[in-house]
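Just so you know, these numbers come straight off a predicted model, no measurement behind them.
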Amino acid sequence: MQSAATPADAASPAPPVTPVEHTGQQHAVGLYLKVWGLLFVLSTLSYLVDYANLQGVLRWGLILALMVAKAGLIVAVFMHMRWERLALVYAILIPPLALLVLMALMAAEADFTFVTRLAHFR
């Protein structure tokens, strides 16, 4: 019984390697065109918020909601996060969300401190 690898086999040249086509994710161009169109519509809506002369919380709420929607589309489709594992998505999205929550808590505490100082020092 002979072993699978003999010294004669080691000296023989390896078979030629043929180029292999890239087998990564291939997405239809139509998907990118649809997202581009949706981004265009969302941008138009954000400009229309200013054109409608909306003021106050409604204006900023609409602008921020449209901005977050556009950023979500860009991250999901153009940065391919839609097709990534959920653990990677959480690792990228949870830290900024935690920072936003902490910033909101700090802003609420700052408002409380400001109001109590106004009441105390009048």
Side-chain angles (χ1 to χ4, degrees):
M1 180 181 243
Q2 293 182 354
S3 67
T6 61
D9 289 340
S12 65
V17 177
T18 58
V20 178
E21 292 185 27
H22 179 65
T23 59
Q25 294 178 348
Q26 298 292 325
H27 304 292
V29 174
L31 172 69
Y32 294 110
L33 291 175
K34 288 175 189 173
V35 171
W36 178 81
L38 190 54
L39 288 170
F40 182 78
V41 168
L42 290 172
S43 294
T44 302
L45 289 175
S46 67
Y47 286 117
L48 288 176
V49 168
D50 282 337
Y51 185 75
N53 290 326
L54 297 175
Q55 297 298 320
V57 176
L58 177 63
R59 176 180 186 234
W60 289 108
L62 286 172
I63 288 174
L64 286 174
L66 292 168
M67 179 185 64
V68 167
K70 290 190 297 186
L73 273 172
I74 290 168
V75 169
V77 178
F78 292 118
M79 298 176 83
H80 302 284
M81 288 299 290
R82 181 176 175 193
W83 299 279
E84 292 294 336
R85 292 184 314 194
L86 196 56
L88 182 62
V89 172
Y90 285 159
I92 291 174
L93 293 182
I94 287 180
L97 291 176
L99 287 175
L100 286 175
V101 168
L102 292 173
M103 287 172 50
L105 289 171
M106 287 188 297
E109 183 180 3
D111 286 341
F112 175 75
T113 304
F114 181 71
V115 169
T116 55
R117 285 184 180 175
L118 282 179
H120 181 69
F121 292 114
R122 279 192 180 194

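Looking only at side-chain heavy atoms (C-beta outward), Ile92 and Met79 stay at 4.5 Å or farther from each other. No side-chain heavy atom of Met67 sits under 4.5 Å from any side-chain heavy atom of Ser46. Looking only at side-chain heavy atoms (C-beta outward), Val49 and Leu45 stay at 4.5 Å or farther from each other.
Shown here is Tyr90, whose OH atom has no more than 12 heavy atoms of other residues, nucleotides or ligands within 6.0 Å. Counting heavy-atom neighbours within 6.0 Å of Phe78 CZ, excluding the residue itself, gives a total above 12.
The structure places CG of Leu99 at 8.5 Å from CE of Met106, a figure rounded to the nearest 0.5 Å. Atom CD1 of Ile63 and atom CH2 of Trp60 lie 5.0 Å apart (nearest 0.5 Å). Rounding to the nearest 0.5 angstrom, the gap separating the CG atom in Asp111 from the OG1 atom in Thr116 is 10.5 Å.
Residues Leu38 and Val35 share a hydrophobic cluster, clusters being chains of Ile/Leu/Val/Met/Phe/Trp/Tyr side chains in contact below 4.5 Å. In the hydrophobic cluster analysis, where Ile, Leu, Val, Met, Phe, Trp and Tyr join through side-chain heavy atoms closer than 4.5 angstrom, Ile74 is grouped together with Val77. By the criterion of side-chain heavy atoms lying less than 4.5 angstrom apart, applied directly or through intervening Ile, Leu, Val, Met, Phe, Trp or Tyr residues, Tyr47 is not grouped with Phe40; the two fall into different hydrophobic clusters.
Screening Leu48, Thr44, Leu42 against Leu66 for a side chain to side chain contact (heavy atoms under 4.5 Å, CB included) leaves a single residue, Leu42.
Within the structure, every pair that satisfies the salt bridge (charged side-chain N to carboxylate O under 4.0 Å, His left out) test and touches residues 34-61, not counting sequence neighbours, is listed here: Asp50-Arg59.
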>> Between His120 and Arg117, does the side chain to side chain contact (heavy atoms under 4.5 Å, CB included) criterion hold? Intermediate values first, please.
In response: CA-CA 5 Å; His120 181 69; Arg117 285 184 180 175; 5.7 Å; no
>> side chain to side chain contact (heavy atoms under 4.5 Å, CB included) for Glu109 and Thr113? Distances and angles first, verdict last.
In response: CA-CA 6 Å; Glu109 183 180 3; Thr113 304; 4.3 Å; yes
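Between Met81 and Leu88 the shortest heavy-atom distance is CE-O, 4.2 Å.
Ring geometry for Trp83 versus His80: interplanar angle of 30 to 60°, hence tilted.
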